[in-house]
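Before any comments, here is the structure.
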Amino acid sequence: MNLSFFDQFMSPHLMGIPLTLLSLLLPTLLLPAPNNRWVTNRLSTLQLWLLNTITKQLMTPLNKKAHKWALILTSLMTMLLAINLLGLLPYTFTPTTQLSMNMALAFPLWLATLLTGLRNQPSISIGHLLPEGTPTPLIPALILIETTSLLIRPLALGVRLTANLTAGHLLIQLISTAVMALLPIMPVMSTLTAMILFLLTILEIAVAMIQAYVFVLLLTLYLQENI
Amino acid sequence: MPQLNPTPWFYTMLATWLTLSLIIQPKLLSFTSTNLPSHKAPAPTKTTPWTWPWT
């Protein structure tokens, strides 16, 4: 059967067995096994350094109560980083291109931040719907606008990650197809296109890391408002 | 777009949350840090100038 360009995003199946769980579990193999030693090997030390940097970076703007969220936010960041970067290898399936996975992560976490705020400090959370210094005639319109912007946050969070990664992978596939198609016809153009592909791959590595960071950063921002 | 096919959505959600909570979180918890990230101790800063000894 002929594959179209979107078939790289189909949920992976091998002879009828769904491989979705496998595609999510394999990136966790990059994290080392728990070790009782104080000083471990180089890989564990480097990963520990990365973990501490991520935790400090995410937790610095948050108050003490919000530090309870450190584990889930850091593990979310680790998972997204691993999945995004592994997806750049050829012929791998990236679960974060699936809207289902990103919405499954974004919606409950956003809802958790919202409910935390509404439960513990309802006036302050609702007060965020009206920016300071608003002229009085604008108040009703602005409250509607802010409510819409609040309710659209989980959708934006999920779709941002999905769209960025899907677009990147699609571009890589299109340009590599162009390189292969041009190779017998115009080898020089093919080489130039291959250089563009190289630059695009570097961009995609950056995008993979940045999008994972932005996802978690926005969640910490939503948490900051509400805790 | 194959991402919009709703059939695997529930299983993807389940697999994602199971991986996140049952596999990644315990792995990260087991990292024993040599220097825990902690709040900086609020020490008063020196305000009087002092000369560096050159000898």
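Reminder, nothing fancy here: chain letters follow the sequence lines and each chain counts from 1. A quick note: this is a predicted structure, and the numbers were derived from the prediction, not measured.
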- Message: Let me confirm one number: the CE-CG distance from A:Met77 to B:Leu28, rounded to the nearest 0.5 Å.
- Response: 12.0 Å
- Look at atom CG of A:Asn63 and say whether more than 12 heavy atoms of other residues, nucleotides or ligands are closer to it than 6.0 Å. yes
Which atom pairs, donor and acceptor, lie under 3.5 Å between side-chain atoms of residues 154-169 of chain A and protein residues at least two apart or in another chain?
from, atom 1, to, atom 2, distance (Å)
A:Thr162, OG1, A:Asn102, ND2, 2.7
A:Thr162, OG1, A:Gly158, O, 2.8
A:Asn164, ND2, A:Arg160, O, 3.0
A:Asn164, ND2, A:Gln211, OE1, 3.3
A:Thr166, OG1, A:Thr162, O, 2.6
A:Thr166, OG1, B:Gln3, NE2, 3.2

Give the table of side-chain donor-acceptor pairs shorter than 3.5 Å for residues 15-22 of chain B, with sequence neighbours excluded, one pair per line with atom names and distance.
from, atom 1, to, atom 2, distance (Å)
B:Thr16, OG1, B:Thr12, O, 2.5
B:Trp17, NE1, A:Ala104, O, 2.8
B:Thr19, OG1, B:Ala15, O, 2.5
B:Ser21, OG, B:Trp17, O, 2.6

- Query: For chain B, which residues from residues 89-101 of chain A have at least one heavy atom closer than 4.5 Å to it?
  - Reply: A:Thr97, A:Gln98, A:Leu99, A:Ser100, A:Met101
- Query: Is the number of heavy atoms from other residues, nucleotides or ligands within 6.0 Å of CZ (B:Phe10) greater than 12?
  - Reply: no
- Item | Proximal to chain B - members of residues 105-113 of chain A, heavy-atom separation under 4.5 Å | A:Leu105, A:Pro108, A:Leu109
- Any B:Phe31 side-chain heavy atom under 4.5 Å of A:Leu51 side chain: yes
- Message: To the closest 0.5 Å, what do you measure between CG (A:Leu48) and OG1 (B:Thr32)?
- Response: 7.0 Å
- Message: I need the A:Leu24 CG to B:Ile24 CD1 distance, nearest 0.5 Å.
- Response: 8.5 Å
- Measuring heavy-atom distances to chain B, does A:Ile83 have an atom under 4.5 Å in its side chain, in its backbone, in both, or in neither? neither
- Message: If you count heavy-atom pairs within less than 4.5 Å of chain B, which of A:Leu25, A:Thr45, A:Thr20, A:Thr60 leads?
- Response: A:Leu25
- Item | For A:Pro32 against B:Lys27, the heavy-atom pair lying closest together | O-CD, 4.0 Å
- When the 4.5 angstrom heavy-atom criterion is applied to A:Thr28 and chain B, the contacting part is both
- Task: Hey, could you give me the CH2/OG distance between A:Trp38 and B:Ser33, rounded to the nearest 0.5 Å?
- Result: 7.0 Å
